Enquirer: 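What follows is a single structure, and I will ask about it in a moment.
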Amino acid sequence: GLPILERHEHSYRVHYYDPPGTDATTSASKNLRFVNDTGAPLFFQVTWNLRQQTLRLNLFGPAPDRRVTVAKPVIYNLRSPPSARLIAEPSVPLGRTRLIDHAESGMRVTLRRTVSLETGEVRHDTFRSSYVPWGAIYGVNPADPRLRR
């Protein structure tokens, strides 16, 4: 329920963020920025799991003085993913394939959040996301004849 000042969605829908519209990406030029309006310090604990390739962020602070509800996302302008692509991957045995990236539909998403503070103040936030369609990518052995089509 912290006020969000800056949020950037991923370019295409990332399948492990569900429902769509709940993701945020960060990079050298894109940030997730919010305001700490709790009146107390917030502490972050970041854990990177190399084996699972996951990043976990735990946020610690005072007991929440607000109730947050998030409506179901409104999905529109749904677009099918393009055809799958094959790329050379030397570690894949000849005749086999390895999924490198999932196909994802393109879409636009609107997500609404309501934050009700103990003071009686109610904030309504609307987050909009736009995802491009993304085709699956499969790795095949460099000698695979399907690469020459």
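Values in this document were obtained by computation on a predicted structure and should not be read as measured data. Along the sequence shown, residues carry numbers from 1.
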Enquirer: Quick one: does Pro81's side chain get under 4.5 Å of Ser105's, heavy atoms only?
Expert: yes
Enquirer: Nearest 0.5 angstrom please: Ile137 CD1 to Ile100 CD1, how far?
Expert: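 One finds 7.0 Å between CD1 of Ile137 and CD1 of Ile100.
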Enquirer: Can you see which heavy atom on Thr69 is nearest to which on Arg67, and at what distance?
Expert: CG2-NH1, 4.0 Å
Enquirer: Among the clusters formed by ILVMFWY side chains lying less than 4.5 Å apart, do Leu78 and Tyr131 turn up in the same one?
Expert: yes
Enquirer: Where is the tightest heavy-atom contact between Arg148 and Pro142, given as atom of each residue plus distance?
Expert: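 Where Arg148 meets Pro142 most closely, the heavy atoms are NH1-O, 4.2 Å.
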Enquirer: Quick check for you: to the nearest 0.5 Å, what is the distance between Leu147 atom CG and Glu89 atom CD?
Expert: 11.0 Å
Enquirer: Working to the nearest 0.5 Å, report the span between CZ of Phe34 and CG of Leu42.
Expert: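 Those atoms lie 6.5 Å apart.
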Enquirer: When hydrophobic residues are tied together by side-chain contacts of less than 4.5 Å, even through go-betweens, does Leu117 share a cluster with Val70?
Expert: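 Yes, Leu117 and Val70 fall within the same hydrophobic cluster.
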Enquirer: Taking Glu118 first and then Arg66, would you say they form a salt bridge - that is, a charged N and a carboxylate O separated by under 4.0 Å?
Expert: no
Enquirer: Let me confirm one number: the CG-CZ distance from Leu59 to Phe44, rounded to the nearest 0.5 Å.
Expert: 5.0 Å
Enquirer: Of all the heavy-atom pairs spanning Trp48 and Thr54, show the shortest one and how long it is.
Expert: CE3-O, 3.2 Å
Enquirer: Among Val109, Val14, Leu111, which one satisfies side-chain contact (heavy atoms from CB on, under 4.5 Å) with Pro20?
Expert: Val109
Enquirer: Membership question, hydrophobic clusters at under 4.5 Å side-chain separation (ILVMFWY): are Met107 and Val74 in the same one?
Expert: no
Enquirer: Taking C-beta and beyond as the side chain, do Arg112 and Thr114 meet within less than 4.5 Å on heavy atoms?
Expert: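 A side-chain contact under 4.5 Å is absent here.
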Enquirer: Using side-chain heavy atoms (C-beta onward) and a distance below 4.5 Å, is Ser129 in contact with Arg108?
Expert: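 A side-chain contact under 4.5 Å is absent here.
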Enquirer: For Ala136 versus Leu99, what's the shortest heavy-atom pair and its separation?
Expert: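 Result for this residue pair: CB-CD1, 4.5 Å.
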Enquirer: Tell me whether Leu5 is reachable from Leu57 by hopping between hydrophobic residues (I, L, V, M, F, W, Y) whose side-chain heavy atoms are closer than 4.5 Å.
Expert: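 Different clusters.
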Enquirer: side-chain contact (heavy atoms from CB on, under 4.5 Å) between Tyr138 and Arg98: does it pass, once the steps are laid out?
Expert: CA-CA 5 Å; Tyr138 292 92; Arg98 181 171 68 89; over 6 Å; no
Enquirer: Leu32 and Phe43: same hydrophobic cluster, using ILVMFWY side-chain contacts below 4.5 Å?
Expert: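 Different clusters.
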Enquirer: Taking the side chain as C-beta and beyond, is there a heavy-atom pair between Pro82 and Pro133 under 4.5 Å?
Expert: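 Pro82 vs Pro133: side chains touch.
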Enquirer: Mind listing the closest non-hydrogen atom pair of His10 and Tyr17 along with its distance?
Expert: CE1-CE1, 3.8 Å
Enquirer: Hey, are the side chains of Arg96 and Val140 touching, using non-hydrogen atoms and a 4.5 Å cut-off?
Expert: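 No. Closest side-chain heavy atoms not under 4.5 Å.
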Enquirer: Quick test of your reading of the model: are Arg7 and Asp125 salt-bridged, counting only N-O distances below 4.0 Å?
Expert: no
Enquirer: Grab the two heavy atoms, one from Asn36 and one from Leu2, that are nearest each other, plus how far apart they are.
Expert: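 Closest approach of Asn36 to Leu2: CA-CD2, 4.5 Å.
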Enquirer: Taking side chain as C-beta onward, heavy atoms only, is Phe127 less than 4.5 Å from Arg113?
Expert: yes
Enquirer: To the nearest 0.5 Å, tell me how far Leu55 CG sits from Asn49 CG.
Expert: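 With rounding to 0.5 Å, CG (Leu55) is 10.0 Å from CG (Asn49).
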Enquirer: Quick check: do Thr97 and Val92 have side-chain heavy atoms less than 4.5 Å from each other?
Expert: no
Enquirer: Ignoring hydrogens and angles, state whether a donor on the side chain of Tyr12 or Asp101 is under 3.5 Å from an acceptor on the partner side chain.
Expert: yes
Enquirer: Rounded to the nearest 0.5 Å, how far does OG1 of Thr25 lie from CD of Glu9?
Expert: 9.5 Å
Enquirer: Compute whether any side-chain donor of one residue and acceptor of the other, for His8 and Glu6, lie under 3.5 angstrom apart.
Expert: yes
Enquirer: When you measure from the side chain of Arg13 to the backbone of Ser130, do you find a donor-acceptor pair of N or O atoms at a distance under 3.5 Å?
Expert: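 No.
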